[in-house]
Amino acid sequence: MTGPDYQRCEQCGTAIFPRRVLCPVCGERRLADATSAGRGIVYSTTAVHAREGTHNVALVDLDEGFRMMSAVAGLDPGAVRIGMVVQARADDEDRLVFHAA
Ligand SMILES: [Zn+2]
């Protein structure tokens with residue numbers, strides 16, 4: 001199982017997501033490409049009520065040290081909890097979503 005691609009600063013080690021040209025911490029240009037293992041913890045969660053139904057939007061802190069906006073699928077959108085351990089997976093349309101781990 002693999003998660004999102006990100007960058008790692010070769011000078012200070014900061015994890016960078018989304019992609020950048022310079023490290024936002026130290027200004028270094030040498031940024032190494034890396035792929036997250038996809039394991040993270042829910043930082044915040046919202047149930048979005050739309051005409052098509054209710055879906056989840058969540059900010060997830062990946063173990064590698066960056067935060068991304070995504071969704072937690074596979075359970076009721078309102079049942080997602082802050083602090084929940086989640087694992088990234090590709091859905092049927094090849095989009096990355098998280099599931100309770
Ligand atoms: Zn840096």
Side-chain angles (χ1 to χ4, degrees):
M1 290 187 280
T2 57
D5 292 334
Y6 68 104
Q7 294 165 299
R8 177 78 65 188
C9 175
E10 294 189 6
Q11 179 67 34
C12 74
T14 298
I16 300 160
F17 182 92
R19 297 189 66 80
R20 290 180 186 237
V21 174
L22 300 175
C23 173
V25 174
C26 74
E28 176 61 51
R29 289 179 176 276
R30 290 174 300 131
L31 306 178
D33 291 323
T35 299
S36 164
R39 186 184 173 281
I41 293 174
V42 175
Y43 172 80
S44 71
T45 178
T46 306
V48 178
H49 301 277
R51 194 166 299 180
E52 315 80 58
T54 303
H55 65 276
N56 176 265
V57 174
L59 290 176
V60 176
D61 285 341
L62 281 295
D63 283 356
E64 288 83 2
F66 63 93
R67 181 173 293 160
M68 72 180 292
M69 183 177 287
S70 185
V72 179
L75 68 169
D76 186 278
V80 180
R81 292 286 174 258
I82 291 168
M84 184 178 278
V85 178
V86 291
Q87 175 66 47
R89 260 187 253 157
D91 69 7
D92 294 343
E93 294 166 35
D94 215 32
R95 293 173 304 199
L96 205 64
V97 295
F98 288 84
H99 293 261

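Along the sequence shown, residues are numbered consecutively beginning with 1.
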Apart from Ile16 itself, its cluster of hydrophobic side chains linked below 4.5 Å comprises Leu31
Among Ile, Leu, Val, Met, Phe, Trp and Tyr joined by side-chain contacts under 4.5 Å, find the other residues sharing a cluster with Ile41 and list them by chain and number.
Val85
Check this for me: does any side-chain nitrogen of one of Arg19 and Asp33 sit under 4.0 Å from a carboxylate oxygen of the other?
yes
For residues 57-66, which side-chain donor-acceptor pairs fall under 3.5 Å, sequence neighbours excluded?
{"residue": "Asp61", "atom": "OD1", "partner": "Arg67", "partner atom": "NE", "Å": "2.6"}
{"residue": "Asp61", "atom": "OD1", "partner": "Arg67", "partner atom": "NH2", "Å": "3.3"}
{"residue": "Asp61", "atom": "OD2", "partner": "Arg67", "partner atom": "NH2", "Å": "3.3"}
{"residue": "Asp63", "atom": "OD1", "partner": "Arg39", "partner atom": "NH1", "Å": "3.1"}
{"residue": "Asp63", "atom": "OD2", "partner": "Arg39", "partner atom": "NH1", "Å": "2.8"}
{"residue": "Glu64", "atom": "OE1", "partner": "Ser36", "partner atom": "OG", "Å": "2.8"}
{"residue": "Glu64", "atom": "OE2", "partner": "Ser36", "partner atom": "OG", "Å": "3.4"}
{"residue": "Glu64", "atom": "OE2", "partner": "Ala37", "partner atom": "N", "Å": "2.8"}

Do you know which two heavy atoms are closest between Gln7 and Pro18, and how far apart they sit?
OE1-O, 4.4 Å
Give the minimum heavy-atom separation between Val72 and Asn56, together with the two atoms involved.
N-OD1, 2.9 Å
Do Thr54 and Val48 have side-chain heavy atoms sitting under 4.5 Å apart?
no
Side chains of Leu75 and Arg81: does their closest heavy-atom pair fall under 4.5 Å?
no
Can you list, pair by pair, the side-chain donor-acceptor contacts under 3.5 Å of residues 94-101, counting residues two or more places apart and other chains?
{"residue": "Arg95", "atom": "NE", "partner": "Asp91", "partner atom": "OD2", "Å": "3.1"}
{"residue": "Arg95", "atom": "NH2", "partner": "Asp91", "partner atom": "OD2", "Å": "3.1"}

Side chain to side chain contact (heavy atoms under 4.5 Å, CB included) partners for Asp92, two or more places apart
none
Rounding to 0.5 Å, atoms CZ (Phe17) and CE (Met69) come to a distance of 10.5 Å
Name every donor-acceptor pair, under 3.5 Å, that has one atom in a side chain of residues 22-29 and the other anywhere in the protein, sequence neighbours excluded.
{"residue": "Glu28", "atom": "OE2", "partner": "Arg30", "partner atom": "N", "Å": "2.9"}
{"residue": "Glu28", "atom": "OE2", "partner": "Arg30", "partner atom": "NE", "Å": "3.0"}

